[in-house]
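Single-structure report; data block below.
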Amino acid sequence: MGRLLKTLFKREHSEEISNPSDNRAFSQVAEVYLSRRRLLQAGTVAGAAAAFPFLLKQENALAKVVSKASGNLGKATTLGFTSLPVSTEDTVIVPEGYIAKPFYKWGDATGIAGNLPVFKTDGSNTTEEQAAQAGMHHDGMAWFSLPQGGNSSDHGLLAINHEYIDNGLLFKDGDANWSADKALKGQNAMGVSVIEVKKVPLGWEVVRPSSFARRITVNTPMKITGPALHNPLMQTVDDPKGEIILGTMQNCANGFTPWGTYLTCEENWSDIFVKKAEMNPLEKRYGISGSDDSYRWNEVDKRFSVDATPNEPNRFGWVVEIDPYDPHSVPRKHTALGRIKHEGAAVTIAPDNRVVVYMGDDQKFEYIYKFVSEGKFNPQDRKANMHLLEKGTLYVAKFNDDGKGEWLPLVFGQNGLDASKGFENQGDLLIKTRLAADAVGATKMDRPEWIAVDPYHAGSVYCTLTNNSDRG
């Protein structure tokens with residue numbers, strides 16, 4: 001999201017290539033498939049989709065959606081308003097009879113009781129005030145009805161990602177007079193908001209104050225779960241046991257679970273880290289920067305200098321689970337879901353009640369993944385469901401010339417994923433998820449972004465591929 005603004009402000013790591021493997025690209029697979037003239041056999045352009053399915057074989061029965069969808073969609077109807085002409089004006093245009101009103105924009109108070117700072121247009125809000133205000137550049141978001149367990153569409157919670165920042169707007173003097181306080185203010189402008197919202201006669205409004213209101217930033221403590229817990233590559237001087245990580249950042253797309261939690265996805269987190277010394281293969285594979293042309297946090301905060309804190313990058317690139325209903329809960333980074341540049345986490349429930357999460361790695365020539373939980377979803381036991389993303393199997397997609405495909409398990413000891421390929425155990429393998437996917441022969445994609453599970457056709461999953469001008 002916000003691709004144009006991101007490109008104008010900072011370098012876009014998703015436009016770079018950090019996959020040196022000789023795995024086949026999806027475009028190569030597609031070329032072979034099309035060369036067999038199956039597209040022509042479809043007869044019409046409308047039949048192209050049917051002739052070009054690229055089905056991924058399920059390890060179990062086809063997945064089904066959490067809520068049962070009606071089999072009768074009915075006939076399409078008009079949207080009920082006059083269509084708008086194409087426009088290049090820098091403004092929001094709505095049909096006659098409609099209004100557009102922003103209700104939670106950067107700098108607005110989140111609604112934390114006793115802490116409702118007013119936004120100042122000159123960039124003079126303090127670091128502490130930003131920690132209680134909306135972050136910058138909203139991206140993925142999800143709705144959670146109030147009361148918990150209900151289905152209200154008029155009153156609920158919104159969990160919202162704040163993906164990246166603009167120093168020129170955040171500070172009165174931009175990048176000048178750089179300091180640790182400026183870096184901290186930038187960190188407070190990233191992360192996630194949880195706000196309470198309610199529908200009123202003239203639209204929507206944020207409830208302030210609210211007992212649910214919360215800001216999660218780059219410095220919010222988070223628990224590590226799954227196989228990488230306590231792994232040596234997750235340990236730092238400040239966290240010698242590898243148990244607690246400070247913060248989440250570069251939060252792009254998202255997901256939500258049937259037990260009412262929010263999944264925020266760490267995407268271009270490598271933009272933040274800088275290493276001046278020679279990089280090792282793991283750092284290169286994840287696109288760690290060698291220059292200071294990004295956010296400059298590394299200059300005043302050793303956490304983001306890889307030279308000073310070499311394991312800190314390993315603590316980012318995860319899917320983070322947040323309970324929006326409990327503002328005192330500790331977010332959890334689920335290492336079982338793999339470490340990549342996550343763009344989305346589409347959750348569904350398999351017929352055997354195991355949880356399935358589909359994910360994309362949003363960079364050129366990266367891969368599509370799915371996670372299948374070890375435990376089973378129980379709609380009557382939220383407490384137990386809260387642990388379902390801690391254990392399970394991660395798979396990566398491989399597409400074949402015949403229009404089908406397979407899910408390759410990323411499991412230590414299988415498919416050559418052992419010490420001979422540089423993996424010490426399952427936790428080590430998941431920290432190096434991209435290298436494991438390279439090793440098993442996953443199919444390179446054209447920037448996998450949002451993934452969605454079809455609510456009307458069980459087993460159908462769709463992925464948006466943004467672009468890849470480097471594949472020819």
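Residues: numbered from 1 along the sequence shown.
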Original post:
Parallel, tilted or perpendicular: which describes the rings of F399 and F26, with under 30° parallel and over 60° perpendicular?
Top reply: perpendicular
**OP:** Say whether N251 and T264, considering side chains only, have a donor N or O and an acceptor N or O under 3.5 Å apart.
**Re:** yes
Subject >> Residues which pass ring-ring contact (aromatic ring centres under 6.0 Å, His included) with H162, listed by chain and number, not counting sequence neighbours >> reply: H138
Subject >> Any residue meeting side-chain contact (heavy atoms from CB on, under 4.5 Å) with A176, in chain and number order, not counting sequence neighbours >> reply: D173
Subject >> V355 backbone acceptor or donor facing S373 side chain under 3.5 Å >> reply: yes
Subject >> Qualifying salt bridge (charged side-chain N to carboxylate O under 4.0 Å, His left out) pairs, either residue in residues 242-265, two or more places apart >> reply: none
Original post:
For the residue pair I93 and S87, what are the closest heavy atoms and their distance?
Top reply: CD1-OG, 3.5 Å
**OP:** Drop me the distance from L233's CG to E424's CD, to the nearest 0.5 angstrom.
**Re:** 9.0 Å
Subject >> Separation of N188 CG from I216 CD1 (nearest 0.5 Å) >> reply: 13.0 Å
Subject >> Backbone N/O of G174 and side chain of W178: donor-acceptor pair under 3.5 Å >> reply: no
**OP:** For N125 and Q130, run side chain to side chain donor-acceptor pair (under 3.5 Å): C-alpha distance rounded to whole Å, both residues' side-chain angles, the deciding distance at 0.1 Å, then the answer.
**Re:** CA-CA 7 Å; N125 281 108; Q130 178 60 74; over 6 Å; no
Subject >> Ring geometry between Y395 and W407 (parallel below 30°, tilted from 30 to 60°, perpendicular above 60°) >> reply: perpendicular
Subject >> Check: T126 side chain, E129 main-chain N or O, donor-acceptor pair, under 3.5 Å >> reply: yes
Subject >> Presence of salt bridge, D401 and R24, under 4.0 angstrom >> reply: yes
Original post:
Backbone N or O of D438 within a donor-acceptor pair of the N23 side chain at under 3.5 Å?
Top reply: yes
**OP:** For the residue pair F304 and F316, categorise the inter-ring angle as parallel (less than 30°), tilted (30 to 60°) or perpendicular (more than 60°).
**Re:** tilted
Please tabulate, one pair per line, all N/O donor-acceptor pairs under 3.5 Å involving side-chain atoms of residues 410-421, not counting sequence neighbours.
residue : atom : partner : partner atom : Å
D418    : OD1  : S420    : N            : 3.0
D418    : OD1  : S420    : OG           : 2.4

Subject >> Rounded distance [0.5 Å steps], CG in D361 versus NZ in K444 >> reply: 13.0 Å
Original post:
Distance from E163 atom CD to M136 atom CE, nearest 0.5 Å?
Top reply: 12.5 Å
Original post:
By ring-ring contact (aromatic ring centres under 6.0 Å, His included), which residues pair with W259, not counting sequence neighbours?
Top reply: none
Original post:
Sequence neighbours excluded, which residues qualify as ring-ring contact (aromatic ring centres under 6.0 Å, His included) partners of Y462?
Top reply: none
Original post:
Any luck finding a side-chain donor-acceptor pair between T110 and Y104 under 3.5 Å?
Top reply: yes
Original post:
Among all residues two or more places apart in sequence or in another chain, which pass the side-chain hydrogen bond (donor to acceptor under 3.5 Å, both in side chains) test with K185?
Top reply: none
**OP:** Spell out, as yes or no, whether a donor-acceptor pair under 3.5 Å connects the side chain of S193 to the backbone of I195.
**Re:** no
Original post:
Could you go step by step and tell me if K370 and V357 meet the side-chain contact (heavy atoms from CB on, under 4.5 Å) rule?
Top reply: CA-CA 5 Å; K370 81 167 179 179; V357 186; over 6 Å; no
Original post:
side-chain contact (heavy atoms from CB on, under 4.5 Å) with K172: which residues, sequence neighbours excluded?
Top reply: D122, S124
Original post:
Is a side-chain donor or acceptor of D428 paired with a backbone partner of N425 at a separation under 3.5 angstrom?
Top reply: no
Subject >> Non-hydrogen side-chain atoms of V237 and T309 separated by less than 4.5 Å >> reply: no
**OP:** Using distance alone, with no hydrogens and no angle criterion, decide if E266 and T248 have a side-chain donor and acceptor under 3.5 Å apart.
**Re:** yes
**OP:** May I ask you to test the I368-M445 pair for a side-chain heavy-atom distance under 4.5 Å?
**Re:** yes
**OP:** Could you tell me whether a side-chain N or O of W297 sits under 3.5 Å from a main-chain N or O of I272, the two making a donor and an acceptor?
**Re:** no
**OP:** Give the C-alpha distance, both sets of side-chain angles, the deciding distance and a yes or no for side-chain contact (heavy atoms from CB on, under 4.5 Å) between Y262 and E321.
**Re:** CA-CA 6 Å; Y262 184 65; E321 185 174 14; over 6 Å; no
Original post:
Which salt bridge (charged side-chain N to carboxylate O under 4.0 Å, His left out) pairs, counting each pair once, include a residue from residues 222-239, with sequence neighbours left out?
Top reply: D239-R315
Subject >> Donor-acceptor contact present, side-chain N219 to main-chain L246, <3.5 Å >> reply: no
Subject >> Pairing residues for F144 by the ring-ring contact (aromatic ring centres under 6.0 Å, His included) criterion, not counting sequence neighbours >> reply: none
**OP:** Look at the side chain of T433 and the backbone N and O of R339, then say whether any donor-acceptor pair between them is shorter than 3.5 Å.
**Re:** yes
Original post:
Does I165 reach the side chain of M190, with side-chain heavy atoms less than 4.5 Å apart?
Top reply: yes
Subject >> Sole residue of K341, R434, K284 in side-chain hydrogen bond (donor to acceptor under 3.5 Å, both in side chains) with S18 >> reply: R434
Subject >> Residues N268 and Q250: side-chain donor-acceptor under 3.5 angstrom >> reply: no
Original post:
Between D181 and F171, is a side-chain contact (heavy atoms from CB on, under 4.5 Å) present by the stated rule, with each step listed?
Top reply: CA-CA 11 Å; D181 185 68; F171 310 111; over 6 Å; no
**OP:** Could you tell me whether the side chain of Q133 and the main chain of G107 form a donor-acceptor pair under 3.5 Å?
**Re:** yes
Original post:
What's the spacing between W450 CH2 and C265 SG if we round to 0.5 Å?
Top reply: 8.0 Å
**OP:** Would you please say whether a donor-acceptor pair under 3.5 Å links the side chains of D271 and Y164?
**Re:** no
Original post:
Roughly how far, to the nearest 0.5 Å, is the OG1 atom of T348 from the CZ atom of F377?
Top reply: 11.0 Å
Subject >> Chi angles and distances behind the ring-ring contact (aromatic ring centres under 6.0 Å, His included) call for F256, W143 >> reply: CA-CA 9 Å; F256 57 92; W143 168 267; over 10 Å; no
Subject >> Closest non-hydrogen atom pair between L229 and I224, with its separation >> reply: CD1-O, 3.3 Å
Original post:
If you take all heavy atoms of G344 and A253, which pair is closest and at what distance?
Top reply: N-CB, 3.3 Å
Original post:
Does the side chain of N161 pick up a donor-acceptor pair with the side chain of N254 at under 3.5 Å?
Top reply: no
Subject >> side-chain contact (heavy atoms from CB on, under 4.5 Å) involving D307 - partner list, sequence neighbours excluded >> reply: K275, K276, A277, S305
Original post:
Is it true that R332 and E390 make a salt bridge, defined as a side-chain N closer than 4.0 Å to a carboxylate O?
Top reply: yes
Original post:
Passes side-chain contact (heavy atoms from CB on, under 4.5 Å), V453 versus Y358? Steps please.
Top reply: CA-CA 8 Å; V453 178; Y358 294 94; 3.9 Å; yes
Subject >> For P20, side-chain contact (heavy atoms from CB on, under 4.5 Å) partners two or more places apart >> reply: R285
